[in-house]
Structure formats: C-alpha cells, structure tokens
Amino acid sequence: MPTVKRIGILTGGGDAPGLNAVIRAVVKTAYNAGIECIGLEDSFDGLIEPGRSRVLTPRDVTGILRLGGTILGTTNRGNPFAYPINTSDGTKDYSDRVIEMFHDMKLDALVTIGGDGTLAIAQQFGSRGIPIVGVPKTIDNDIVGTTNCFGFDTAVDFATDAIDRLHTTAEAHRRVMVVEVMGRYAGWIALYAGVAGGADVILIPEIRYDLSIVTERLLEREKWGARFSIVVVAEGAIPKGGKRALVEEASEGRVERLGGVGAQVSSELGEMTGKETRSVVLGHLQRGGAPTSFDRVLATRFGGKAVELIRRGEFGTMVAFAPPDIIARRLEDVVGKTKTVPMDFDLLLTAKALGVTFGD
Ligand code: F6P
C-alpha cells in the first residue's frame, strides 16, 4: 500500500447534480484517514494556472450534499492536451505543465470526476505516470462500465415532472406537446423520462425515426378520442435519411452542440397531422437543482470508493456501479466508448409492448 498524504480533486465537463456530494464524500473520507485534500478549480485549469487550488477540509464541504453545481467550478473546454487559445492552430498542449504542477504541489494522487471527455484525459495522464482514480459523472448516463452515473436520476426526475405538467395543458387544448430532452448520442433520459411520464412517442438516437409512422400513431389516438399526445425527443435523435440537429458545429477544442430537433419534429408533425403542436426544450434545467436521494447516495458511495482505491494503490481505475456493488473498472476499458440503449433492453421492449412508438 502506498503512503498517500495529499490528493487533488477536480470536476470536469458539464456539471451534474451530485458533484458536490462526491467532493464532500472524498474530502471527509480522506480527512478521516489522515489524507489532505486539495480542491483544483475549473477542471484541469487548477493544474495549469497557479493559485487555482485550495485545501478542502470537512468544514469546507459541510452542507453541500444537497447542492447542485460544483463548488470547484468546471469547464468542458479545458483539455490540457488541446487547450483552446487564440492562435492559428487554435490549441496548445499544456500536459507537461499539469504533470509538473501535480508534483510541485506534492500530490500523491488525483480524483477526477467527469464524463467521457474528462475520463479520457484522466486516462492519458494515468498512462504518463499520474496516479489517477476516475469518478463517472453525467446526466446522459452514457459511460460504459457503470449501470448508473450520478446526475441521471435527477435529470430523469425533472424531465418526468415536466412531462406531467405538459400533460394537463396539452389535454386542455387538445394539443400535441413535443419535449426535447438532453442525452447527447444516447437515449437514456428520453427513454426513462418518456416511460415514467407516460409519453406516447419516444424518439432516441439509437433508432432512426420516421414521422409518418409517428403521424399514424397520433391520428389513431385521435380516433379513439385522446385529447392530447406527448412526444419525447432526445436531442440526438436522427430522422431516417436525415441529419442530427445542431446548434453549433464542433471546432478546435470544442465539441458540437446538439439541439433543435424538438422544434423540427413539432413543426413537421403539425403539418402532417393537421393538429396544433407546441415544443418545449428542457435544456440545462435538467442539470440544475438538488440531486435526488438516489444520486446523493450513489455520489457518496463513489466518493468513498475513490478514496479506498487510492489508499489501496489501485490507480488507472474508475469507480462504477454494478448493482448492488460499487466496483473498480480499468479506465482504459471504459474511455472512448459510448453506452447507448441496446435494442434488446427490457425497458425499450416493454415500452414498445405497451404501444409506445419509437418512429420505426
Ligand atoms: O453531457 C451532458 C450534457 O448536458 C448533454 O446532455 C448536452 O448535450 C451537453 O452536456 C450540453 O453541454 P453545454 O453545457 O456545453 O451546453
């Protein structure tokens, strides 16, 4: 077992409810084991720019369990291997500086809490000798090797509540309501919130949709007297023979931004069905607010396990939820992949059996 006296902790990528719960668990567990915790600000920026770190004690994390966001700040534009700057090639490699600063700060290990992008960066630093443990975070739930990421349950809960609210107004006006949810290239949020909210149509990136099939379903519902229909669309859903809707193309150091499919589906369905349609984008509301109790518990378990792995010297790993246990996975086995909804997933099959249309 290595002697670990001081560890760094950072949060990277988009925020997700539960980040603070992980930070709290890591800081308290480490402190009780005689390990000092250094909080690094705005992801890897805390290891690039001097003065962007601070000691965290249990006192600093008291009361943050239920808070959304992250007390450390985060960014999804801070990859040290391709840091966006204003030069002709647009990025600079700051990875040597990160490694130098890690040693200058006398850190023995690094807890990196993030999504696929941040974990891939963590793995790169791991292969360059930095003792790293990753913690998977994303509302999208698309990280390979873990059944759940914290943040997902909170996002689904929020989206379900939004769908419930839309039901009543849709019914009052005999409308079709189209709800666009997040999830990037995976349909987990759309599927779970769609089923939990009783949606009639769920469109996910894993299944190319055909609006004429959706139209048939909506008109059939009208025939038997339904006063409303709810369509849940994942932001990454793609029409058959068409393209994914983007608000911004990828550029140097930045990933593409998805969005707009809800409005497209709504206007096309309006024309095709002759019914009044409205669309709502839930957007970043899904990432805000207090984590659910499920996410608080999962985040706390992840934080505790991360410190356990560090104390045991099990580096290059990611904590993961393999119900009912929290286990360790090798980072190299999980990064660079996306966990999408499998076509034989029971919830997908159950939804289909219930009559939910996926546009295929
Ligand atoms: O990965 C989480 C996520 O919220 C996605 O669902 C969404 O596509 C993306 O982040 C939005 O990122 P940004 O914070 O850059 O708008």
Side-chain angles (χ1 to χ4, degrees), residues 11-20 22 42-45 68-70 72-79 82-84 112-122 134-144 146 148-160 162 179-194 202-206 232-238 243-264 280-289 291-292 295 298-299 318 334-341:
T11 53
D15 68 320
L19 280 171
N20 283 324
V22 181
D42 293 339
S43 189
F44 285 93
D45 284 10
T70 159
L72 293 175
T74 187
T75 173
N76 47 17
R77 298 189 52 208
N79 180 356
Y83 201 89
T112 307
I113 314 168
D116 46 352
T118 308
L119 293 173
I121 297 167
V135 178
K137 161 252 47 160
T138 169
I139 64 163
D140 303 338
N141 208 35
D142 60 354
I143 296 177
V144 168
T146 183
N148 278 73
C149 292
F150 65 87
F152 172 63
D153 186 64
T154 309
V156 168
D157 215 42
F158 174 82
T160 304
V179 191
E180 180 181 312
V181 298
M182 282 185 166
R184 286 201 83 75
Y185 310 121
W188 297 106
I189 298 178
L191 179 61
Y192 274 71
I202 303 175
L203 306 178
I204 59 175
E206 294 83 350
V232 174
V233 192
E235 62 179 0
I238 307 174
K243 279 189 180 162
R244 184 169 271 141
L246 296 182
V247 286
E248 198 181 316
E249 301 271 351
S251 59
E252 210 69 61
R254 289 186 190 204
V255 294
E256 65 186 12
R257 287 177 55 212
L258 312 187
V261 66
Q264 276 173 21
V280 177
V281 180
L282 299 187
H284 294 80
L285 290 168
Q286 292 159 100
R287 283 185 4 203
T292 58
D295 280 339
L298 183 63
M318 177 190 87
V334 301
V335 301
K337 301 171 188 166
T338 304
K339 186 184 73 180
T340 53
V341 177

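Along the sequence shown, residues are numbered consecutively beginning with 1. Heavy-atom basis, side chains included; hydrogens, waters and symmetry copies ignored. Indexing begins at 1, ligand by ligand and atom by atom, following the structure's order.
- Across I204, V181, N141, V156, a single residue satisfies side-chain contact (heavy atoms from CB on, under 4.5 Å) together with W188, and that is N141.
- Looking at G183 next to ligand 1, an N or O pair under 3.5 Å apart turns up.
- Here's the thing with E235: one of its N/O atoms is less than 3.5 angstrom from an N/O atom of ligand 1.
- In terms of heavy atoms, T338 sits closest to V144 at C-CG2, 3.9 Å.
- Looking at atom 3 (C) of ligand 1, its nearest protein heavy atom turns out to be R287 NH1, 3.5 Å.
- Considering L285, T292, D153 in turn, L285 is the only one that fulfils the side-chain contact (heavy atoms from CB on, under 4.5 Å) rule with F158.
- Between K137 and V22, every side-chain heavy-atom pair lies at or beyond the 4.5 Å cut-off.
- Nearest protein heavy-atom neighbour of atom 6 (O) of ligand 1: D140 OD1, 2.7 Å.
- Regarding atom 16 (O) of ligand 1, its nearest protein heavy-atom neighbour is H284 NE2, 2.8 Å.
- The two residues Y83 and D45 make their nearest non-hydrogen contact at OH-OD1, 2.9 Å.
- In this view, A120 and V335 satisfy the side chain to side chain contact (heavy atoms under 4.5 Å, CB included) rule, not counting sequence neighbours.
- Not close to ligand 1: Q286, with no non-hydrogen atom less than 4.0 angstrom away.
- Interface of N76 with ligand 1, defined as ligand atoms under 4.0 Å from a residue heavy atom, comprises 13 (P), 14 (O), 15 (O).
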